[in-house]
Participant: 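Shown below is the structure under consideration.
Throughout, protein chains are lettered first and strands after them, A, B, ... in sequence-line order, and every chain is numbered starting at 1.
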Protein chains: 2
Amino acid sequence: MATEAVENYLKAMYTLARESPTGEAGMKALATMVGVTTGTATTMVKRLAAAKLARYERFGGVRLTTKGEAAAVDILRRHRLIETFLVQTLKLDWAVVHDEAERLEHAISPVVLEALDRHLGHPSSDPHGDPIPSAEGRIREPGGRPLTDFETGQRGRVVRIADQDADFLKFVDASGLRPGAPFEIRSVDAAAQTMSVRARGRDPVALALAAARKIVCERE
Amino acid sequence: MATEAVENYLKAMYTLARESPTGEAGMKALATMVGVTTGTATTMVKRLAAAKLARYERFGGVRLTTKGEAAAVDILRRHRLIETFLVQTLKLDWAVVHDEAERLEHAISPVVLEALDRHLGHPSSDPHGDPIPSAEGRIREPGGRPLTDFETGQRGRVVRIADQDADFLKFVDASGLRPGAPFEIRSVDAAAQTMSVRARGRDPVALALAAARKIVCERE
DNA sequence: CGCAAAAGTTTGATGAGTCAAACTCTGAAA
DNA sequence: TTTCAGAGTTTGACTCATCAAACTTTTGCG
Ligand SMILES: [Mn+2]
Ligand SMILES: [Mn+2]
Ligand SMILES: [Mn+2]
Ligand SMILES: [Mn+2]
């Protein structure tokens, strides 16, 4: 099987491909996400290409092959099921589970993973609202639009949080804007780059538009 | 922290030290247990000595330092809590959990480990009857004597199974001689190197003395 | 267009972990 | 006391993963 490093690159490439219109990942972004220098990323990407997990052209970016994408989705399944288990069964804080899953995802076998899935009742989303791929590798397209797309007076429901930073997650939790929570936009201050949002049964909170962009929602 | 390889050597050294009267481990035994060549074990043992985890003299065997032993006991705690979780919570077969724990033990953080311990109600033994060290590093001395020490007609109770081989564990399970099970010796055939044992509520089973030696028991 | 900054690549080095094979030491048996 | 098998050690080579630093290509901007 793939090593821990290889799995981390595959997952990063998958995530970056989702975010880019071309479906390609740049070396700089890849290196930053994995936490290595660009030179290291170039070296590794060549190995991934040799292993038929990626297609790579000098100065031309990387993209996953079908095989590489399947591997990436499998890692995503492991990661998100583990996060769900840590929150649901072990009652850990959703702000810390991402980093824990980052290591455990490489050590869990298919047998343990499927037992975990059974124990959790085959959940379809992780604690942050991200879709959990099926055992067959199918993954629901994560819909929704950022909170910044909503206007004063509009109502909606949080779908997912597109940022795993622990402090940000703690803030989101405190403001009541967890996945599933209904909300209403109270005001938007374009000049100050902030907006005020009220989660159902909560006091309104002010947040920067940059932060609001990380909260993905849908119309009520 | 220690790498996965280092942790595996420490655990093997701890186990071998328990089994040897001198408290020392030989390179051949260590290499075999870790699954490497003796040359590799020699190299690694020098590194462990440099890191103050072991004391080593050329041609003179290795032993853990206090620091090395504490690390080994910590790994044992992780391993055994994970095994217990896999059996109790995820309902996995006790014959397969050892290999699973062998990888997971290196990826679990103190935070997750203590959450696991809490979730399991602070168990004192793993599914094979081995003692689980406390968070402070205290470990109960695993008592008991091999089934071969018992004589015809004697009764007792299984304490632990001193062999993690999956096929052997499946056999033990089928014969009803799991940790905690009361039993009675029906007969011993020294010439044939076998004995017959009956677990409470079960039919008697015949087993080789070599196998019986791996079943550790106590007087009723 | 021209050119600097950004992005990407290459190279030489390092550390961890491993093996095969040549070599050395130790201890028990003849 | 010799000897030789088994245990232990050393060496040279290899893979994986990484960095720093020198270098090259691309791109966006004035
Ligand atoms: Mn990871
Ligand atoms: Mn998540
Ligand atoms: Mn292990
Ligand atoms: Mn065990």
Participant: Is a side-chain N or O of Thr65(A) found less than 3.5 angstrom from the main chain of Leu53(A), in a donor-acceptor match?
Facilitator: yes

Participant: Would Arg18(A) pass as a cation-pi partner of Tyr14(A), given that its NZ or CZ must be under 6.0 Å from the six-membered ring centre and within 45 degrees of the axis?
Facilitator: yes

Participant: Would one find more than 12 heavy atoms of other residues, nucleotides or ligands at under 6.0 Å from atom CD of Glu57(A)?
Facilitator: no

Participant: Could you list, one pair per line, each protein nitrogen or oxygen that sits under 3.5 Å from a nitrogen or oxygen of nucleotides 15-19 of chain C, together with the distance?
Facilitator:
unit_1	atom_1	unit_2	atom_2	d
dG17(C)	OP1	Thr3(B)	OG1	2.3
dG17(C)	OP2	Arg47(B)	NH2	2.6
dG17(C)	O5'	Arg47(B)	NH2	3.4
dT18(C)	OP2	Tyr9(B)	OH	3.2
dC19(C)	OP2	Thr37(B)	N	3.0
dC19(C)	OP2	Thr37(B)	OG1	3.3
dC19(C)	OP2	Thr40(B)	OG1	2.8

Participant: Can you find a side-chain donor-acceptor pair between His128(B) and His98(B) that sits under 3.5 Å?
Facilitator: no

Participant: Rounding to an integer number of Å, can you tell me how far Glu57(A) CD sits from dT25(D) C1'?
Facilitator: 14 Å

Participant: Round to a whole Å and report the spacing from NZ of Lys28(A) to P of dA6(C).
Facilitator: 9 Å

Participant: Report yes if at least one side-chain N or O of Arg58(A) is closer than 4.0 Å to OP1 or OP2 of dT10(C); otherwise report no.
Facilitator: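 So the side-chain polar atoms of Arg58(A) do come within 4.0 Å of the phosphate oxygens OP1 or OP2 of dT10(C), strictly under.
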
Participant: From CG of Leu30(A) over to P of dA7(C), roughly how many Å is that when rounded to an integer?
Facilitator: 14 Å

Participant: To the nearest angstrom, how far is Glu7(A) atom CD from dA17(D) atom P?
Facilitator: 11 Å

Participant: Nearest-Å distance, CG (Leu48(A)) to P (dC16(D))?
Facilitator: 12 Å

Participant: Over how many whole Å does the gap from Glu24(A) atom CD to dA7(C) atom C1' extend?
Facilitator: 14 Å

Participant: Rounded to the nearest 0.5 Å, what separation is found between the CD atom of Glu102(A) and the CD1 atom of Ile75(A)?
Facilitator: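 Answer for the CD-CD1 pair, Glu102(A) versus Ile75(A), is 10.0 Å.
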
Participant: Please state whether the phosphate of dT10(C), meaning OP1 or OP2, lies under 4.0 angstrom from any side-chain nitrogen or oxygen of Lys46(A).
Facilitator: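 Yes.
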
Participant: Could you tell me if Thr43(B) and Thr40(B) have a donor-acceptor pair between their side chains, going purely by distance under 3.5 Å?
Facilitator: no

Participant: Rounded to whole Å, how long is the line connecting atom CZ of Phe59(B) with atom C1' of dT26(C)?
Facilitator: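 From Phe59(B) CZ to dT26(C) C1': 8 Å.
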
Participant: Rounded to whole Å, please give me the gap between CE in Met27(B) and P in dT10(D).
Facilitator: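 Met27(B) atom CE is separated from dT10(D) atom P by 10 Å.
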
